[in-house]
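Presented below is the structure to which this report refers.
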Amino acid sequence: MKDISIIKLLESSIPELSGEEIEGLLEIPPKPEMGDYAFPCFRLAKVLRKAPPAIAAEIKDKMTEIPPHIDEIKVEGAYINFYLKKDLMVKDILTSAISPDYGKSDEGEGKTICIDYSSPNVAKNFHVGHLRTTIIGNSLYKIYTRLGYNVERINHLGDWGTQFGKLIVAYKNWGSEEVVKEKGIEELMRLYVVFHKEAEKHPELEDEARAWFHKMELGDEEALSIWKWFVEISLIEYRRTYNLLGVDFDHFTGESFYRDMTDDVVKRLTDANLLTDSEGAKIVDLEEYDMPPCLVIKNDGSSIYATRDIAAIFYRKNTYNFSKCLYVTGQEQKLHFSQVFKVVELLGNEWAKDSLVHIPYGLVSLGGAKLSTREGNVIYAEDILNEAINKIKEIIVEKNPELPDKDEVAKTVGVGAVIFNDLYNQRIKDVSFNWDKLLNPDGETGPYVQYTYARCSSILRNIEDYNVNISDIDCSIITDPASIALVKDFGRFPDVIHEAAEKYEPSIISRYVMDVAHSFNKFYTENHINVEDTATRNARASLVVITRNIIREALSLLGIGVVEKM
């Protein structure tokens, strides 16, 4: 939470910079002895043709009307350091942070953001690789909602394409209705793997698969009947996994939803003279933009997923009038979306430059093995989540056998551990599952943060009487270093949410809530809370209440629940 009065004070002394630029440069120093805020003067060196330390000294000398809550201003090298009166700073932050709406914003009022995420391929298992897009997308939905945006959650199922021709061929050659009904998606996965093994020996199977998909596009009754059956089987499993994660969607509109809109895309491209024939196929030449051509119609007349993605963009723009449409997919799809977005822009839509955003993420692995559906090396997402729940249940039974609602606690903590493990590092980085690390209650983990929340709840249950009306609290009591560090963490929460949204980066939230948990546990170690002195008890209890609230809200933004006891 940037101090507005310091920004205005600097603005009045630095005509070369706007208030917005000053706010962007204002820092919170890494050590308390360096002040509560610091302003670096390096950027002004070129403009003023002076050394940054000299500039800092001149700016300080211009500051005459110092706000009453600033205790001291010092120049240290190229920095102007601001020291606040601790009790006033604490009162100011706590007054805001105690509100149940703390961190909320109306900046997105009247604006819609579409988020396209999860989007598993129908008839393939929802494996651990799908967890990343689902978890990241769900967190972004919660972050933008807290900032006041209307968010449309779209599950763009991979329910159309040549892979269904392959599956139909496999089903007809090596499958049976009875086994598919009995084993569901597990059998569909087996058939998909069998197809690829057989196609290596008999390449003509690929032609047969393309023919079956072409039948689907032409509305063939048998082909569509089998396809719809495969979709229904898949959705049953996907919803089971979504329920475990606590994830939902506003729209399950897969690729098939847009298949009747592809003719309009082709017409638009034709009218704009953007289509070129290439060996019987139709493409958009993107060589001018250092990209390979975007394939729009294959040489057999079938559409391709790029065509359907372009159709989806126009549908979403017309239906939701989005200010942004976000695509949460693996970084290997970067080129695909660059091509699709460029084609939309070339059709005369300038809004495509800023409104269409690909949000890539790294790979996920278990034991270092990359996951591949085609090779049959698959770990089910549901199995990962259930394993985490079972492992947490074992820990609870061993360490706290009297705990009520063990199953519910194990589910919240186990699923939360998997989500936190995913979101703790920058999304572009690869994620690996290491059970000992992921479930460690003393590590940089979800269980550690959830335990801190439970500790706060336990402390408050054990205090017989406390009053956390901030206007009645003597804030001078909570100006020790541990308390101040915690309060400063409170003050960062609104900025952290905004930064996470701006950078499409939920890890900013997870890193922040870990900081809060660390700061609270240090505060708790150094300060007795349930003391006889009423003023001290109320002041310290207020920090416990706000810590508890912020942890709950921050974890909620990650898609993670909390438990009162662990």
Side-chain angles (χ1 to χ4, degrees), residues 112-142 144-145 149-164 167 180 184-185 188-189 192 213 216-217 219 223-262 303-322 324-330 333 336-337 340 356 358-359 373 380-382 385 559:
T112 293
I113 290 181
C114 292
I115 308 183
D116 179 325
Y117 62 106
S118 192
S119 311
N121 289 323
V122 163
K124 294 182 183 179
N125 174 257
F126 194 104
H127 62 66
V128 69
H130 293 123
L131 278 176
R132 293 224 70 191
T133 168
T134 306
I135 289 168
I136 294 167
N138 186 55
S139 180
L140 290 174
Y141 149 68
K142 290 174 177 292
Y144 282 109
T145 299
Y149 290 88
N150 172 56
V151 181
E152 298 289 342
R153 300 167 292 175
I154 302 170
N155 196 330
H156 187 79
L157 294 167
D159 64 354
W160 201 250
T162 309
Q163 68 267 31
F164 292 99
L167 202 55
V180 172
I185 203 165
L188 297 182
M189 290 281 291
Y192 189 75
F213 175 57
M216 287 170 56
E217 292 229 294
L224 289 179
S225 175
I226 297 173
W227 164 74
K228 287 177 182 176
W229 181 38
F230 291 165
V231 171
E232 289 166 4
I233 289 170
S234 303
L235 283 174
I236 291 170
E237 174 170 327
Y238 299 162
R239 286 199 168 98
R240 200 166 60 237
T241 303
Y242 292 140
N243 288 339
L244 264 180
L245 287 167
V247 169
D248 201 0
F249 296 88
D250 300 301
H251 314 283
F252 282 87
T253 46
E255 289 189 69
S256 64
F257 180 80
Y258 306 101
R259 70 183 190 269
D260 294 335
M261 305 176 198
T262 56
S303 65
I304 192 169
Y305 54 89
T307 328
R308 297 186 285 275
D309 277 343
I310 294 167
I313 289 171
F314 289 128
Y315 173 83
R316 293 167 186 174
K317 187 65 175 175
N318 292 334
T319 305
Y320 310 117
N321 192 28
F322 58 73
K324 286 191 183 233
C325 188
L326 312 181
Y327 293 79
V328 185
T329 74
Q333 293 194 38
H336 164 73
F337 283 107
V340 166
L356 303 176
H358 178 224
I359 300 173
T373 305
Y380 289 14
E382 189 177 11
L385 295 170

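Among all heavy-atom pairs drawn from L244 and E382, the shortest one is CD1-CG, 4.0 Å. Among all heavy-atom pairs drawn from F126 and T134, the shortest one is CZ-OG1, 3.4 Å. The shortest heavy-atom contact between D116 and H156 is OD2-CB, 3.3 Å. Nearest heavy atoms, D159 versus G254: OD1-C, 3.4 Å.
Expressed to the nearest 0.5 Å, how far OH of Y141 lies from OH of Y149 amounts to 15.5 Å. Between I226 atom CD1 and F164 atom CZ the span is 12.5 Å, to the nearest 0.5 Å.
Between L188 and K124 there is no side-chain heavy-atom pair separated by less than 4.5 Å. You'll find the side chain of L140 stays beyond 4.5 Å of the side chain of V151, heavy atoms only. Taking the side chain as every heavy atom from C-beta outward, Y238 and I185 approach each other to under 4.5 Å. Looking at heavy atoms from C-beta onward, L356 lies in side-chain contact with F322 at the 4.5 angstrom threshold. The closest side-chain heavy-atom distance from F314 to M261 is not below 4.5 Å. Counting heavy atoms from C-beta on, the side chains of T241 and Y380 never come closer than 4.5 Å. Counting heavy atoms from C-beta outward, L157 and P120 have side chains that approach closer than 4.5 Å. Two residues are said to be in side-chain contact when any heavy atoms from C-beta on lie closer than 4.5 Å; I154 and R316 meet this criterion.
Within the 3.5 Å criterion, the main-chain N or O of R259 finds a donor-acceptor partner in the side chain of T262. No donor-acceptor distance shorter than 3.5 angstrom exists from the side chain of R240 to the backbone of E237, with no hydrogens or angles considered. For the pair T112 (side chain) and N321 (backbone), a donor-acceptor distance under 3.5 Å is absent. S234 places no side-chain N or O within donor-acceptor distance of the main-chain N or O of E232, the cut-off being under 3.5 Å. For the pair S139 (side chain) and I136 (backbone), a donor-acceptor distance under 3.5 Å is absent.
In this model, a donor atom of one side chain and an acceptor atom of the other lie less than 3.5 Å apart for Y320 and H251. Side-chain contact annotation: H358 with Q333, donor-acceptor N/O pair under 3.5 Å absent.
If you look at H336 and Y305, their ring centroids are closer than 6.0 Å.
Under the side-chain contact (heavy atoms from CB on, under 4.5 Å) rule, W160 has a single partner from W227, Y258, F257, which is W227.
Note: F252 and Y242 have tilted aromatic rings, judged against thresholds of 30 and 60 degrees for the angle between ring planes.
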